[in-house]
Amino acid sequence: MSFYSTLVRYRDFDFQDFFARVTEERVDRALSAEILSPDDFLVLLSPLAAASLERMAQKAHELTVQYFGRTIQLYIPLYISNFCANECVYCGFHRGNTIRRKKLSMAEIEAEAKTIAATGMRHLLLLTGEAPAVTPIDYLEEAVRLLKTYFASVSIEIFPMAEQDYRRLKEAGVDGLTLYQEAYDESRYALVHKAGPKADHRWRLDAPERGARAGFRVINIGPLLGLGEVRSEVFLSGLHARYLEDTFLQTEISLSLPRMNPAEGDYQPDFFADDRTFVQFLTALRCFLPRAGLNISTRERAVFRDNLIRLGATRFSAGSCTGVGGYGEEKADAGSPQFEITDERSVAEVVEAIRAAGYQPVYKDWDMI
Amino acid sequence: MDDKLIIGGHAFTSRLFTGTGKFAARNWIPKMLAASGSEMITVALRRIDQAGTPENILEFIPKDVVLLPNTSGARTAEEAVRIARIAKAAGCGRFIKIEVITDMKYLMPDNAETLKATEILAKEDFIVLPYVLPDLPLAKKLEDAGAAAVMPLGAPIGSNRGLETKPLIALLIENCRVPVVVDAGIGRPSQAAEAMEMGADAVLVNTAIATAEDPALMGRAFALAVAAGRLGYLAKLAGQSVTARASSPLTGFLE
């Protein structure tokens with residue numbers, strides 16, 4: 001079994017035709033359902049449902065307060081290498097890019113860890129490019145063991161791995177796996193992942209399942225908004241999350257909606273979700289998946305992020321740097337960043353904004369046990 | 001009237017237990033405790049930071065309130081046991097609420113793992129309060145294993161649905177020697193009163209208080225409801241009937 005069989009069922013599905021048939025009554029029915037079916041979810045993602053955005057927001061807010069309280073969990077990313085064997089047309093780490101490549105030594109990782117820990121952050125997300133020859137499992141394992149002495153929770157956002165490698169990292173102390181499918185639509189996926197191991201759509205798609213079997217506590221998935229038609233991509237990521245929830249009862253499933261901004265970078269995405277549509281996606285996901293964590297990264301603007309606190313978000317990154325070795329003092333030596341961050345506030349400033357919204361910033365919600 | 005609840009040798013005047021999760025700000029916790037008079041509060045060990053983050057949750061709990069650390073996050077008996085030992089070593093006292101959850105979708109407790117953890121921890125000088133689905137044979141096994149109370153759920157955690165498991169909890173109340181504390185699912189004061197009226201020894205309420213607009217006021221509301229329900233139980237409720245009782249019975253002529 002794999003989520004792939006679900007994906008195949010929707011390969012020829014006519015989303016535009018479905019949306020064209022949505023009526024106001026149908027939106028009402030989807031909004032009043034206690035447990036939403038996939039069709040209800042798709043109705044809430046339709047252009048017509050945008051007219052009911054305020055009602056969707058109210059429902060999403062209510063559900064989020066019920067299941068998560070007024071709290072926002074904090075995490076911070078740490079890039080330890082930007083070497084990459086892939087050619088993803090939208091990514092700063094593309095192997096053809098002449099950027100400053102860097103891989104941190106254990107001593108450098110420790111220096112970064114100390115700087116980050118001093119901000120009060122206790123949940124860390126460890127990232128690399130996809131270059132197993134440069135950052136082999138032994139290196140990653142050593143890095144995780146080191147970081148676990150500084151942080152309560154270490155999650156990974158690296159390349160897809162085999163189950164036995166995930167097991168090794170879990171043993172080393174990793175409790176969460178973040179892996180974005182980027183594009184669920186296979187033809188769109190092939191267009192932007194030109195070469196390298198990442199070109200294998202199916203290997204990536206099945207990775208969260210391998211991670212769940214390896215015993216990670218939290219699995220975080222998502223589409224990269226901009227690569228494929230956004231409504232269907234969000235729909236498929238929601239179905240993916242529900243498939244994982246249903247298949248792996250022991251695993252917490254969460255989602256992110258990283259969004260490309262056409263105003264930044266050299267790559268011009270073919271698709272775009274504006275702020276209003278983004279909020280529709282976020283609130284529709286909350287209605288469909290009441291217990292799923294919803295992450296918002298510093299890709300989004302500070303003001304926009306602050307407003308999402310009351311619209312279903314449960315986790316924020318803060319004080320982020322997407323360069324390699326960017327937290328230390330010698331910023332000039334840092335490896336080039338993967339993408340430009342937009343919310344450049346410090347951890348303390350983000351914490352203050354969360355408090356100002358009437359929410360509790362949560363630094364620590366996990367211990368390795 | 002002396003109506004203290006005794007658990008693990010501790011005497012509680014308030015029969016409302018509370019929790020520390022989901023508050024908009026941690027400084028609501030002491031205000032809520034003061035307003036509700038709750039004498040025991042549960043806290044997830046995974047939220048306690050011994051490394052010293054800006055806000056240590058334990059600093060918000062007055063010293064005279066009994067800590068009930070819980071094993072939230074545990075997937076197995078072994079993990080629950082490890083968390084309990086860490087909690088005790090961290091100075092959180094002898095009480096432990098065993099919470100073993102293997103279903104992240106509905107957050108149902110795993111009764112089998114909970115029993116195993118109870119068997120181990122009760123032998124280690126813990127005062128063990130297991131959180132379970134209401135199941136009478138299991139509750140008796142928990143008693144035999146040394147549980148200091150049993151904590152059946154009224155409805156799924158955070159659901160605010162009330163006493164959906166009422167008939168099953170009634171069996172526990174009727175048959176258990178140890179106190180029965182209804183934990184999880186109670187969404188409003190009237191539901192807490194209902195649990196107490198039927199003879200529950202205490203209730204534990206977190207979500208409904210923590211997510212209220214005014215958690216201190218809601219804490220007070222629950223305290224009053226719990227006290228009223230308890231008095232109703234002690235005063236022996238009049239029996240109920242679904243049909244009317246005729247004041248001129250049909251068989252009156254036989255008297």
Side-chain angles (χ1 to χ4, degrees), chain A residues 34-35 62-74 117 119-123 149-153 175 212 215 217-219 241-242 244-254 289-293 309 347-348 351 354-369, chain B residues 19-29 44-57 60 71-76 78-87 90 100-108 110 113 156-161 187 206-213 215:
Chain A
E34 193 180 349
I35 295 172
E62 207 172 285
L63 284 169
T64 310
V65 170
Q66 182 183 345
Y67 288 112
F68 295 86
R70 290 183 177 84
T71 65
I72 296 284
Q73 166 72 50
L74 297 169
T119 66
M121 290 298 239
R122 304 283 287 128
H123 284 220
T149 62
Y150 289 89
F151 300 98
S153 162
D175 60 82
R217 181 179 64 93
V218 185
I219 306 271
R242 182 171 274 187
L244 293 170
E245 273 187 354
D246 291 347
T247 312
F248 304 100
L249 272 185
Q250 296 211 22
T251 314
E252 265 178 67
I253 308 300
S254 65
L289 304 159
R291 288 189 189 279
I309 292 174
V347 171
V351 160
I354 293 169
R355 288 219 176 92
Y359 277 61
Q360 179 193 160
V362 175
Y363 291 89
K364 176 178 178 286
D365 189 27
W366 183 245
D367 246 315
M368 201 57 191
I369 45 174
Chain B
T20 50
K22 300 188 178 177
F23 284 91
R26 286 183 170 175
N27 56 19
W28 271 113
I29 294 170
L45 184 84
R46 63 183 190 164
R47 285 268 173 107
I48 298 177
D49 197 349
Q50 290 144 59
T53 39
E55 286 194 12
N56 183 348
I57 196 161
F60 294 86
T71 65
S72 157
R75 275 16 177 205
T76 62
E78 194 197 354
E79 288 179 352
V81 166
R82 236 178 299 161
I83 295 173
R85 289 173 184 158
I86 294 169
V100 181
I101 290 179
T102 48
D103 152 33
M104 299 319 292
K105 206 174 170 194
Y106 305 103
L107 304 181
M108 288 291 149
D110 186 321
E113 292 295 314
I157 295 178
S159 68
N160 296 334
R161 287 167 185 263
N206 180 38
T207 300
I209 293 175
T211 65
E213 284 294 326

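Per chain, numbering begins at 1; letters A, B, ... match sequence-line order.
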Of A:E245, A:Q250, A:E252, A:R291, the one forming a side-chain contact (heavy atoms from CB on, under 4.5 Å) with B:K105 is A:E245
Residues A:G358 and B:A24: closest non-hydrogen pair is O-CB, 3.0 Å
### Message
Assess whether a salt bridge exists between A:E34 and B:R161, defined as any Lys/Arg side-chain N lying under 4.0 Å from an Asp/Glu carboxylate O.
### Response
yes
### Backbone of A:V65 reached by a side-chain donor or acceptor of B:K22 within 3.5 Å
no
Honestly, the part of A:V351 sitting under 4.5 Å from a heavy atom of chain B is neither
Separation between OG1 (A:T71) and CZ (B:R26), nearest 0.5 Å, reads 10.0 Å
Turns out that what part of B:I101 lies under 4.5 Å from chain A's heavy atoms comes down to neither
Scanning both residues in full, the closest heavy-atom pair of A:Q66 with B:T207 reads O-CG2, 3.6 Å
Turns out that what part of B:T102 lies under 4.5 Å from chain A's heavy atoms comes down to both
Open item on the list: Using a 3.5 Å distance criterion without hydrogens, assess whether the side chain of B:R46 forms a donor-acceptor pair with backbone atoms of A:K364.
Closed with: no
inquiry  = Set out, in order, the CA-CA distance, both residues' side-chain angles and the distance that settles side chain to side chain contact (heavy atoms under 4.5 Å, CB included) for A:R217 and B:M104, then state yes or no.
reply    = CA-CA 10 Å; A:R217 181 179 64 93; B:M104 299 319 292; over 6 Å; no
Taken in chain and number order and not counting sequence neighbours, the residues that satisfy side chain to side chain contact (heavy atoms under 4.5 Å, CB included) with A:S254 are A:V218, A:N220, A:N295, A:R315
Sorted by chain and residue number, the salt bridge (Lys or Arg N to Asp or Glu O under 4.0 Å) partners of B:E78 (sequence neighbours excluded) come out as B:R82
